[in-house]
Amino acid sequence: MHPRLHLRALSLLTSAALLVAAAPAHALVPTPGSPSSGDSVIGARGNGGYDVRHYDIDLRWRAESRTIAARTTVRSVATQDLSSFNLELQGLQVRGITVDGVKATWSRDGFELTVKPTVPITEGSRFNTVVSYGGTPAPYRHAQLGRTGWIRTKDGATALSEPFGSETWFPVNNTIRDKATYTISVDVPNRLKAASNGKLVRREVGERRTVWHWHENRPMAPYLPTVSIGRYRMYRTATAAGIPLVTFVDASLGKEGRSRRELARIVDFMQRRFGKYPMATSGMIIDRMNIDYALETQSRPVMPGIAPGYLIAHEIAHQWFGNSVTPSDWKDIWLNEGFATYAEWLYDAWRYDRPRTPHRQFRFLYRIYGPKAGFWDTPPGNPKTVAKLFATPVYDRGAMTLHALRERVGDKAFFTILRRWAAQNRHGTVSTLDFIRLAERISGKQLDRLFRVWLYVPEKPSGY
């Protein structure tokens, strides 16, 4: 090669190397995050493109007008390059949104709130979205599920968020699989109290108003947060095993000492059966509400009036099965409701000294529902529609599935499966297939047929 040509070639190679070195390591091609979670039952809710790590909800309740003024900070990590992303929020008026302190543009279409940051967000980066909003919260009404979300009471309000009512009171990535920690601060008149999830960190008592600061440091699915405002008596106690209990009882219902004592027994019993209690605290919110269901709001279930033991047992069992170990898709809701129903049967057997109660419950249900009964038409492992998410078979046939498993593998293996399930998946998300694999691994038995006929075939299992 000619010396001059050689020098020229070296110069060109050097320039090219510098250009490559100067190029950004991550080529930014931002696109909108998905406005759907892809859930097989409630796909319209939830969003893609980011993962929420923490919600900081600051809410002021105006008792006279029954309105709120609120600000929610959503701390997230981008899972793609984002030009925009969605949250869910119903009804309330948005007053402004910032992303990392910079004003963002936004638009609304029904419950979908689309946020477009001034600067696109790069994959892997952390970002904070602050939504200021307010107005008059209203419940979400569903033909089969009834009222969920923000529900007025005579002296305040209670938020019951399953399956998607959370969006009636704060902006949320409303998918069951996006669990996060929460800080919830509620500003109310001094005559009222404000209950929520987790630990009561502090109260700021002013001349006329009090701010209640709650912190849930265990990951929580979006259908489990609650705020309950009313004239309550607050009780702080502990179980025999030392688990702190904070319970709120509507002042018109008396002290409800019987329910509170029952709660302490139930928490300790279930800890012995299922392993370490997964939350930092427990308790209840017992309110006067015109609804026909209780709810397993995390760490502090809500009861619509005086709570019988079986109902407390069901909602406390959810702290393991549903709240800590959470399905990643709503079709697997039997992992919540079937397990909690079976826990009722176990507690009933222990509490009233009837050691074969689960067996009797199984035989009773199997006998009263004939082969043509509609009970068998809804497979609990795949209810398919929102209307059937909380149908009776999801609860009772789901619990029967567990008892069929117990009879097949024996008590020792069965309770090992339940404890291992709760421990290995603590604060995570799971599927039915995960449970089947664990049951087969621990028992050493092939169980696919058992689960298929009990969970997925729309007919009465034979041979029982």
Side-chain angles (χ1 to χ4, degrees), residues 54-75 92 130-134 136-137 149-161 165-166 168-172 180-218 220 222 224-238 244-253 255-256 260 263 279-289 295-303:
H54 184 77
Y55 291 93
D56 190 341
I57 302 169
D58 192 343
L59 186 151
R60 181 181 175 90
W61 166 249
R62 297 188 178 102
E64 295 75 16
S65 60
R66 291 185 173 267
T67 60
I68 64 170
R71 182 180 64 195
T72 292
T73 301
V74 186
R75 307 186 190 279
L92 298 163
V130 179
V131 182
S132 298
Y133 59 101
T136 305
W150 190 273
I151 297 173
R152 288 186 179 188
T153 60
K154 184 177 180 180
D155 53 2
T158 295
L160 300 175
S161 298
S166 53
T168 66
W169 60 285
F170 70 99
V172 58
T181 55
Y182 283 71
T183 300
I184 301 175
S185 299
V186 190
D187 183 334
V188 297
N190 285 343
R191 68 180 184 276
L192 303 177
K193 293 181 174 63
S196 190
N197 310 89
K199 289 185 175 181
L200 178 58
V201 179
R202 68 184 188 279
R203 282 183 290 177
E204 295 179 67
V205 181
E207 185 178 341
R208 295 184 178 180
R209 301 184 67 87
T210 299
V211 183
W212 297 68
H213 296 277
W214 296 89
H215 180 57
E216 177 53 275
N217 65 354
R218 270 60 166 179
M220 181 161 62
L224 294 169
T226 189
V227 162
S228 189
I229 300 164
R231 294 181 181 271
Y232 288 120
R233 292 187 176 97
M234 183 176 72
Y235 300 94
R236 295 174 184 262
T237 55
L245 304 175
V246 181
T247 292
F248 291 77
V249 181
D250 187 290
S252 67
L253 295 174
K255 296 182 179 180
E256 259 306 276
R260 292 188 288 111
L263 168 70
M279 308 303 167
T281 183
S282 188
M284 293 184 292
I285 300 167
I286 305 176
D287 197 7
R288 280 192 181 276
M289 302 180 68
L295 192 62
E296 63 269 21
T297 48
Q298 188 155 311
S299 72
R300 194 157 291 105
V302 175
M303 307 291 170

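In this chain, numbering begins with 1 at the start of the sequence shown. This one's a predicted model, so the numbers in the text were calculated from it and none came from an experiment.
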From CA spacing to verdict: side chain to side chain contact (heavy atoms under 4.5 Å, CB included), Y235, K255: CA-CA 9 Å; Y235 300 94; K255 296 182 179 180; 3.3 Å; yes
Answer whether the closest heavy-atom distance between the side chains of [X] and [Y] falls below 4.5 Å.
X: V246; Y: T281; answer: yes
X: E216; Y: S299; answer: yes
X: L200; Y: R236; answer: yes

Could you go step by step and tell me if F248 and R233 meet the side chain to side chain contact (heavy atoms under 4.5 Å, CB included) rule? CA-CA 6 Å; F248 291 77; R233 292 187 176 97; over 6 Å; no
Would S252 and R288 count as a side-chain hydrogen bond (donor to acceptor under 3.5 Å, both in side chains) if you check the C-alpha gap in whole Å, the side-chain angles of each, and the deciding distance to 0.1 Å? CA-CA 8 Å; S252 67; R288 280 192 181 276; 2.7 Å; yes
Under the side-chain hydrogen bond (donor to acceptor under 3.5 Å, both in side chains) rule, what pairs show up with a residue in residues 57-69, not counting sequence neighbours? R60-D187, S65-T67
Quick test of your reading: applying side-chain hydrogen bond (donor to acceptor under 3.5 Å, both in side chains), list the pairs with at least one residue in residues 195-206, sequence neighbours left out, ordered by first then second residue. E204-H213
Out of curiosity, [X] [atom1] to [Y] [atom2], how far, rounded to the nearest 0.5 Å?
X: F170; Y: T73; atom1: CZ; atom2: OG1; value: 12.5 Å
X: M289; Y: L160; atom1: CE; atom2: CG; value: 4.5 Å
X: S185; Y: L59; atom1: OG; atom2: CG; value: 9.5 Å
X: R260; Y: T247; atom1: CZ; atom2: OG1; value: 7.0 Å

Result for side-chain contact (heavy atoms from CB on, under 4.5 Å) between R231 and one of D287, D155, T153 points to D155
Residue pair [X] / [Y]: nearest heavy atoms and the distance that separates them:
X: P137; Y: L92; value: N-CD2, 3.8 Å
X: V172; Y: S166; value: CG1-OG, 3.7 Å
X: N217; Y: A280; value: OD1-CB, 4.4 Å
X: A159; Y: W150; value: CB-CE3, 4.1 Å
X: E296; Y: L224; value: O-CD2, 3.6 Å
X: W214; Y: A194; value: NE1-O, 2.9 Å

Is there a side chain to side chain contact (heavy atoms under 4.5 Å, CB included) between T158 and I229? Walk through the geometry before answering. CA-CA 6 Å; T158 295; I229 300 164; over 6 Å; no
Contacts of [X] that satisfy side-chain hydrogen bond (donor to acceptor under 3.5 Å, both in side chains) - sequence neighbours left out:
X: T181; result: H54
X: T226; result: none
X: S161; result: W169

Determine, step by step, whether M279 and R300 satisfy the side chain to side chain contact (heavy atoms under 4.5 Å, CB included) criterion, reporting the C-alpha distance in whole Å, the side-chain angles of both residues, the deciding distance to 0.1 Å, and the verdict. CA-CA 10 Å; M279 308 303 167; R300 194 157 291 105; over 6 Å; no
Strictly distance-based, threshold 3.5 Å: is any side-chain N or O of T183 a donor or acceptor partner for the main-chain N or O of D56? no
For the backbone of P171 and the side chain of T72, can you confirm whether one donor and one acceptor N or O come within less than 3.5 Å of each other? no
Partner set under ring pair (Phe, Tyr, Trp, His ring centres under 6.0 Å) for Y133, not counting sequence neighbours: none
Would R75 pass as a cation-pi partner of Y55, given that its NZ or CZ must be under 6.0 Å from the six-membered ring centre and within 45 degrees of the axis? no
Verify the neighbour count for atom CZ of R209: are there more than 12 heavy atoms of other residues, nucleotides or ligands below 6.0 Å? yes
